[in-house]
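Report on the following structure.
What's counted below: heavy atoms across the whole structure, side chains too, no hydrogens, waters or symmetry copies. Keep in mind that this is a model prediction, so the values were computed, not measured.
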Amino acid sequence: ACQSQYLDRNVDRIADGIAQTDEHVVEFQPALVERQLRFVQLDGVFGRIDSGDYRSPIHSLAVPCMNGDDRPRDRKRQRTAFGGDQTAVADEFADEIAAAGLADELKKFLCAYTPDITLDNGRRLFFRSSAASVTRIEEFYKCPFRHFLSKGGLMLKEREEARLKPTDLGSIIHDCLEKFVRFIMAHGAESADESVMRRIFDGVTDGDRYKAVQRDRLSRHNLIRLREESVKTGMEIKAQLLDSEFFPVECEAEFGPHAAFPAPSFNVGEGAEIRFRGKIDRIDRCRNKFIIIDYKRGQSVFKEKELYAGVKLQLPVYLKVVRDALGLEPAGFFYKKLSNDFVKSDFKEFGGRVVDDTETLCELDAAFRRSGASSRLNVRLNKNGTVSRQSKTALTRAQLDAYVNYAWRMIEQAGREMADGNACQSPYEDACEYCEFSAVCDFGDLSGRQVRCVNGAVTAETLENEGVNGQ
């Protein structure tokens, strides 16, 4: 019903647009478009105006077709709500549409039905410099069209305003934690008390940017509360380090061209090579082993499904960077949630994956050595002395390596897609929910297309098979 109302309101506007842009349209009648649009609404595909397959070029396993499974609709068997054959309805008007010269125009103006947007200069646009970040690759997998509009392509962004945005809150805590951990590296965890973090916070927010936003009463109030949240998070990090034999050796470790850590690279065709750049929030080390810790706003839970879909590649790639640069043995990767949501919660748990080696687990958390369980790492021992698999946090070393291999293969695939100019409207799951470009994107306006999603369970074994076999 909502779609019918939308069509009723907009048929004249669409008709006028086609007439104004194509001088060769003769005897143009809005009713002609209306009949064809109503056929489109009923069937979900064009009759003789082929909109192409809805399978995404990004990941063949991660995209539902219009009927919810892997098979295209059999249009010969589709029936309308009135009992008639839709193919017959389409044929009735197809010749009339073609005679009026409207076939290409319908495709052009109803771009929700032409999801495959391909740019001729993808390699030149997306790889203007010889460096790229992992975040950009993740953004591409979330939605190629948004990637095209934003930092990956056209560089569009929202106008800056003198107020605190959610991203600013996370950035402030992030900067404070970097300085706090550097203080611990220099003076020891025992010396890092609450007064240290408060001094750090005051120094971080003393710049012109934050002086300007303090004119806004709500922003000023948020800064006051954020100061205490920063102290709370800092004390959690101090407690974690006091209970661990792993100790920070790097903060904001840069990798890329001319950086301290060499940059991995990938080929995008025609002899073009792209080198990665980025910053690793924290590297903790114990003898010949290391872990990666990434400070995270919002969701801080690692999910295999998101790695499989390409929207969370960062931590496995960071493992590869440090492993290849220092020759150390990776022991795990973790998200540390930044408590910037002003609620009373327990943020002690680290979301991530760790090797199922009891010695390493004891080194990471003294509680595991004492009791055989760690709430911080979310792992525990079985009665027979093996690491429990119920939490899905612990991986074998082979599985951890497979995660790294799989992430790198997804990066290489994304590089090829970008070089080929892929800018299609193909969002992953909830990517549209908070998209800043919704006003210039017509995804879902008329078509009812579904977002990409991963159907079925994705486990460590799934990624191990993918990472090892390269399938």
Closest non-hydrogen atom pair between Asp357 and Thr360, with its separation: OD2-OG1, 2.7 Å

Do Glu429 and Lys305 meet the salt-bridge criterion of a basic N to acidic O distance under 4.0 Å? yes

Test side-chain hydrogen bond (donor to acceptor under 3.5 Å, both in side chains), reference Tyr403, set Lys320, Glu464, Glu304, output is Glu304

In terms of side-chain geometry, is the basic nitrogen of Glu250 or Arg285 positioned less than 4.0 Å from the acidic oxygen of its partner? no

Can you list the steps and then say if Ile293 with Tyr295 is a side chain to side chain contact (heavy atoms under 4.5 Å, CB included)? CA-CA 7 Å; Ile293 295 177; Tyr295 303 131; 4.2 Å; yes

Donor-acceptor pair, Tyr318 side chain versus Ile283 backbone, under 3.5 Å? no

Say whether, by atom type as modelled, one donor and one acceptor occur between the side chain of Ser191 and the main chain of His187 under 3.5 angstrom. yes

Beyond-backbone contact of Phe255 with Arg277, side-chain heavy atoms, under 4.5 angstrom: no

Go through Phe266 and Trp408 one step at a time and tell me if the side chain to side chain contact (heavy atoms under 4.5 Å, CB included) criterion holds. CA-CA 9 Å; Phe266 65 96; Trp408 193 251; 4.2 Å; yes

Give a yes-or-no answer on whether the side chains of Ser230 and Thr233 include a donor-acceptor pair shorter than 3.5 Å. no

Residues Lys151 and Glu139 bridged, charged N to O under 4.0 Å: no

Sub-6.0 Å ring centroid separation between Phe302 and Phe333: yes

Quick one: does Asn422's side chain have a donor or acceptor within less than 3.5 Å of a partner on Cys424's backbone? yes

Heavy-atom closest contact (Ala192 atom, Ile184 atom, distance): CB-CG1, 3.7 Å

Counting distance only, does the side-chain N/O of Glu252 pair as donor-acceptor with the main-chain N or O of Ile280 below 3.5 Å? no

So Arg136 and Met418, do their side chains get closer than 4.5 Å, heavy atoms only? yes

Just how far is it from atom CD1 of Ile291 to atom CG of Leu315, taken to the nearest 0.5 Å? 11.0 Å

Side-chain donor/acceptor of Tyr428 to backbone N/O of Val451, under 3.5 Å: no

Run the side chain to side chain contact (heavy atoms under 4.5 Å, CB included) test on Lys157 and Glu436 for me, step by step, so that the C-alpha distance in whole Å, both residues' side-chain angles and the decisive distance to 0.1 Å come before the verdict. CA-CA 8 Å; Lys157 62 179 181 180; Glu436 63 271 38; over 6 Å; no

Considering all heavy atoms, the nearest Phe261-Val321 contact: CB-CG1, 4.2 Å

For residues Met155 and Arg128, determine if any side-chain heavy atom of one lies less than 4.5 Å from a side-chain heavy atom of the other. yes

Return yes when atom NZ of Lys392 has more than 12 non-hydrogen atoms of other residues, nucleotides or ligands closer than 6.0 Å, and no otherwise. no

So which of Arg397, Lys289, Arg323 actually passes side-chain hydrogen bond (donor to acceptor under 3.5 Å, both in side chains) with Glu329? Arg397

Take Val354 and Leu361 through the test side chain to side chain contact (heavy atoms under 4.5 Å, CB included) and record every step on the way to the result. CA-CA 8 Å; Val354 63; Leu361 293 171; 3.7 Å; yes

Using every non-hydrogen atom in the two residues, find where Leu241 and Asp284 come nearest and quote the distance to one decimal. CD2-OD2, 3.8 Å

Could you tell me whether a side-chain N or O of Arg452 sits under 3.5 Å from a main-chain N or O of Tyr141, the two making a donor and an acceptor? yes

Salt bridge (charged side-chain N to carboxylate O under 4.0 Å, His left out) for Asp243 and Arg376? Distances and angles first, verdict last. CA-CA 10 Å; Asp243 285 340; Arg376 181 174 286 122; 3.6 Å; yes

Given 3.5 Å as the limit, does a donor-acceptor pair link the side chain of Asp365 with the main chain of Ala367, or not? yes

Does a side-chain heavy-atom distance below 4.5 Å link Val134 with Phe276? yes

Between Glu228 and Arg198, is the salt bridge (charged side-chain N to carboxylate O under 4.0 Å, His left out) condition met? List the steps. CA-CA 8 Å; Glu228 296 310 307; Arg198 289 193 175 94; 3.1 Å; yes

Can a salt bridge be assigned to the pair Glu412 and Arg409 using a cut-off of 4.0 Å between side-chain N and carboxylate O? no

Using every non-hydrogen atom in the two residues, find where Gly153 and Leu125 come nearest and quote the distance to one decimal. O-CD1, 3.8 Å

Separation between CG (Asp294) and NE2 (His174), nearest 0.5 Å, reads 6.5 Å

Looking at every heavy atom in both Pro262 and Ala325, which two are closest together, and how far apart are they? CD-CB, 3.7 Å

Side-chain (Arg182) to main-chain (Cys251) donor-acceptor, under 3.5 angstrom: yes

Take the angle between the ring planes of Phe126 and His147 and call it parallel below 30°, perpendicular above 60°, tilted in between. tilted

Note, Glu194 side chain near Met235 side chain (heavy atom, < 4.5 Å): yes

Taking side chain as C-beta onward, heavy atoms only, is Ile292 less than 4.5 Å from Arg282? no

Ion pair present between Arg225 and Glu229, side-chain N to carboxylate O less than 4.0 angstrom? no

Does atom CG (Asn288) have a neighbourhood of more than 12 heavy atoms from anything else shown, all under 6.0 Å? yes

Is a side-chain donor or acceptor of Ser150 paired with a backbone partner of Arg146 at a separation under 3.5 angstrom? yes

Point-to-point distance, once rounded to the nearest 0.5 Å, from CG of Asp202 to CG of Asp206: 8.0 Å

Phe368 CZ to Ser374 OG distance, which is reported to the nearest 0.5 Å: 8.0 Å

Salt bridge check, Arg123 against Asp420: does any charged N sit closer than 4.0 Å to a carboxylate O? no

Donor-acceptor under 3.5 Å (Ser244 side chain, Leu364 main chain): yes

Does the ring center of Phe145 lie less than 6.0 Å from the ring center of Phe443? no

Glu306 versus Val458: any side-chain heavy-atom pair under 4.5 Å? no

Which value, rounded to the nearest 0.5 Å, describes the distance between Leu226 atom CG and Thr205 atom OG1? 8.5 Å

Using side-chain heavy atoms (C-beta onward) and a distance below 4.5 Å, is Gln399 in contact with Arg353? no

What is the distance from atom CD of Glu417 to atom CE of Met410, rounded to the nearest 0.5 Å? 9.5 Å

